[in-house]
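Remarks on the structure that follows.
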Amino acid sequence: ELTAGEQRRDFVYVDDVVAAFLTLLDNRSSLSHPTAQVEVGTGTGESLRSAVQLLHELCASETRLHFGALPYREGELMASHADTAALRSFGWRPRVALREGLERTVAAERSRMAFAEPHARDRVAE
């Protein structure tokens, strides 16, 4: 059971976050202050519903998703995305779209699980 999933979030892939940090380090002398706050994200919001549905598809899950079965929490933040103007002024931009990022994440997790399973069986046999 899920909410309607209309909340919007700024999903950013880890490689893009690392690239953003490196860009900031390379351009730290251009920042307004040594401890200037710079937001990292894609600058756009994607609905939680569409992200969950995409992940559901990529995992070939058979779980039934009941969107709208739960109410939103009191004070639910309905939209959140980063202001990427500072990063973009240094030439940075996100390069990994949500679908590609989730595909990479699912593949990495499947690989991790496949690697871990034989080793777990070996420990049990000992």
Subject >> Rounded distance (nearest 0.5 Å) linking atom OG1 of Thr42 with atom OH of Tyr13 >> reply: 15.0 Å
**OP:** Run through the side-chain heavy atoms of Ile, Leu, Val, Met, Phe, Trp and Tyr, join any pair under 4.5 Å, and report what else lands in Leu70's cluster.
**Re:** none
Original post:
Considering all heavy atoms of both residues, which atom of Arg110 and which atom of Ala60 are nearest to each other, and what is their separation?
Top reply: NH2-N, 4.5 Å
Original post:
How close do Ala36 and Leu31 get, heavy atom to heavy atom, and via which atoms?
Top reply: CB-CB, 4.3 Å
**OP:** Check which hydrophobic residues are tied to Met78 through side-chain heavy-atom contacts below 4.5 Å, counting indirect links as well, and list them.
**Re:** Tyr72
Subject >> side-chain hydrogen bond (donor to acceptor under 3.5 Å, both in side chains) contacts touching residues 79-89 (sequence neighbours left out) >> reply: Thr84-Arg88
Subject >> Joint cluster assignment, Val38 & Trp92, ILVMFWY side-chain distance < 4.5 Å >> reply: yes
Original post:
Any chain of hydrophobic side-chain contacts (each under 4.5 Å) joining Leu98 to Val52?
Top reply: no
Original post:
Partners of His33 by side-chain hydrogen bond (donor to acceptor under 3.5 Å, both in side chains), sequence neighbours excluded?
Top reply: Thr35
Original post:
Considering residues at least two apart in sequence or located in another chain, which fulfil the salt bridge (Lys or Arg N to Asp or Glu O under 4.0 Å) criterion with Glu76?
Top reply: Arg9, Arg73
Original post:
When hydrophobic residues are tied together by side-chain contacts of less than 4.5 Å, even through go-betweens, does Val12 share a cluster with Leu87?
Top reply: yes
Quick one: side chains of residues 17-30, donor-acceptor pairs under 3.5 Å with protein atoms, not counting sequence neighbours, listed by atom name and distance.
from, atom 1, to, atom 2, distance (Å)
Thr23, OG1, Ala19, O, 2.8
Asn27, ND2, Thr23, O, 2.7
Arg28, NH1, Leu25, O, 2.5

**OP:** Sort and list the pairs that fulfil salt bridge (Lys or Arg N to Asp or Glu O under 4.0 Å) and have at least one residue in residues 10-22, not counting sequence neighbours.
**Re:** Asp15-Arg104
**OP:** Would you please name every residue forming a salt bridge (Lys or Arg N to Asp or Glu O under 4.0 Å) with Arg93, sequence neighbours left out?
**Re:** none
Subject >> Inter- and intrachain pairs under salt bridge (Lys or Arg N to Asp or Glu O under 4.0 Å), touching residues 54-68, at least two apart >> reply: Glu57-Arg99
Original post:
Looking only at heavy atoms, which two atoms of Gly5 and Ser47 are closest? And how far apart?
Top reply: O-CB, 3.6 Å
Subject >> Single-linkage hydrophobic cluster Val106~Phe11, side-chain heavy atoms < 4.5 angstrom >> reply: yes
Original post:
Would a 4.5 Å heavy-atom cut-off, applied to side chains only, mark Leu58 and Glu103 as touching?
Top reply: yes
**OP:** Report whether Leu48 and Leu55 are members of the same hydrophobic cluster (ILVMFWY, side-chain heavy atoms less than 4.5 Å apart, transitive linking).
**Re:** yes
Subject >> Pairs meeting criterion salt bridge (Lys or Arg N to Asp or Glu O under 4.0 Å) with involvement of residues 41-50, two or more places apart >> reply: none
